[in-house]
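What follows is one structure encoded as structure tokens, with my remarks underneath.
We count ligands from 1, going down the list as the structure has it; atoms in each ligand are counted the same way.
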Amino acid sequence: MKIVLVEGDITEQRVDAIVNAANSSLMGGGGVDGAIHRRGGPEILEECRALRASRYGRGLPTGQAVATTAGRLPARWVIHTVGPVYSRSEDRSHLLASCYRESLVVADALGVGTVAFPAISTGIYRWPVEDAARIAITAVRRAAPAVVEEVRFVLFNTAAYAVFDSALRDIG
Ligand code: AR6
């Protein structure tokens with residue numbers, strides 16, 4: 001499996017699945033989540049509502065992942081995952097790593113070849129990007145999915161791209 005970095009907007013990626021940095025409610029929000037629902041259209045929210053009415057009555061727990069349609073986006077699927085809010089007093093790294101691992105489990109189950117991730121938790125949830133990049137790349141490397149052939153990290157600005165690039169060189 002190869003890891004590719006691009007600077008850009010995840011909603012424009014031509015991949016099989018894009019990952020959404022959602023919240024437990026699955027009812028949308030700001031950041032990547034807002035962009036995905038805005039550009040993907042109402043079908044995504046409809047499926048999220050159905051998930052809340054069935055499997056996830058109490059919401060999607062932090063660190064877990066679930067797929068819906070991608071609506072009008074170029075991708076076929078959106079895999080929603082809930083990153084942890086950054087805390088200086090408590091180490092929540094295992095939950096951030098779990099988002100990447102569980103999203104790849106879902107992607108593998110869908111049988112998809114290409115998956116794009118945003119830098120989960122590094123926006124509204126305030127995770128420092130250097131640390132988040134190291135956790136993300138390590139988790140993806142360790143996951144070694146059976147079906148997924150390409151993991152693409154889509155970084156929203158040049159600074160985040162540079163940080164991920166450096167982490168990828170360090171970790172390999
Ligand atoms: N494409 C790629 N990356 C993006 C895009 C985009 N279109 N838009 C923002 N980013 P965030 P979080 C980057 O805040 O920190 C929502 O309200 C952004 O620069 O989207 O996990 C949810 O509903 C940052 O580096 O997600 C939750 O309540 C990264 O994506 C909460 O925010 C993640 O930023 C989740 O917070």
Q) Would one find an N or O of Ala35, backbone or side chain, under 3.5 Å from an N or O of ligand 1? A) no
**Q.** Nearest-contact summary for atom 26 (O) of ligand 1 - protein heavy atom, Å
**A.** Ala21 CB, 3.7 Å
(Q) Any carboxylate oxygen within less than 4.0 angstrom of a Lys/Arg side-chain nitrogen, looking at Glu47 and Arg49? (A) no
Q.
Below 3.5 Å, N or O to N or O, backbone or side chain included: is there any such pair between Asn23 and ligand 1?
A. yes
Q. Are side-chain heavy atoms of Leu110 and Val106 found at a separation under 4.5 Å?
A. yes
Q. Do any N/O atoms on Phe156 end up under 3.5 angstrom from N/O atoms on ligand 1?
A. no
Q) Is Pro118 close to ligand 1, meaning an N/O of one under 3.5 Å from an N/O of the other? A) no
Q. How far is atom 36 (O) of ligand 1 from its nearest protein heavy atom, and which residue and atom name does that atom have?
A. Tyr125 CG, 3.4 Å
Q) How are the rings of Phe153 and Phe164 set to each other: parallel, tilted or perpendicular (split at 30° and 60°)? A) tilted
Q | Which residue and heavy atom of the protein sit nearest atom 21 (O) of ligand 1, plus the separation | A | Ser121 N, 2.8 Å
Q. Quick one: nearest non-hydrogen protein atom to atom 24 (C) of ligand 1, plus distance?
A. Thr122 OG1, 3.3 Å
Q) For Asn157 and ligand 1, does the shortest N/O to N/O distance drop below 3.5 Å? A) no
Q) In terms of residue, atom name and distance, what is the protein heavy atom nearest to atom 1 (N) of ligand 1? A) Ile10 N, 3.0 Å
Q: Report, in ascending order of atom number, the atoms of ligand 1 lying under 4.0 Å from any heavy atom of Gly30.
A: 16 (C), 17 (O)
(Q) What verdict does the salt bridge (Lys or Arg N to Asp or Glu O under 4.0 Å) test give for Glu43 and Arg72, after you've listed the backbone C-alpha separation in whole Å, the side-chain angles of each residue and the deciding distance to 0.1 Å? (A) CA-CA 8 Å; Glu43 253 188 283; Arg72 299 197 284 259; over 6 Å; no
(Q) Starting from atom 10 (N) of ligand 1, what is the nearest protein heavy atom, named by residue and atom, and what distance separates them? (A) Val32 CG2, 3.3 Å
Q: Just need the protein heavy atom nearest to atom 15 (O) of ligand 1, so name the residue and atom and give the distance.
A: Gly123 N, 2.8 Å
(Q) Check contact between Gly83 and ligand 1, using heavy atoms of the residue and a distance below 4.0 angstrom. (A) no
Q: Among all protein heavy atoms, pick the one closest to atom 7 (N) of ligand 1 and tell me residue, atom and distance.
A: Asp9 OD1, 2.9 Å
Q.
List ligand 1 atoms under 4.0 Å from Asp33, heavy atoms only on the residue side.
A. 22 (C), 23 (O)
Q: Mark up the atoms of ligand 1 that fall under 4.0 Å of a heavy atom belonging to Ala119, in ascending order.
A: 29 (C), 33 (C)
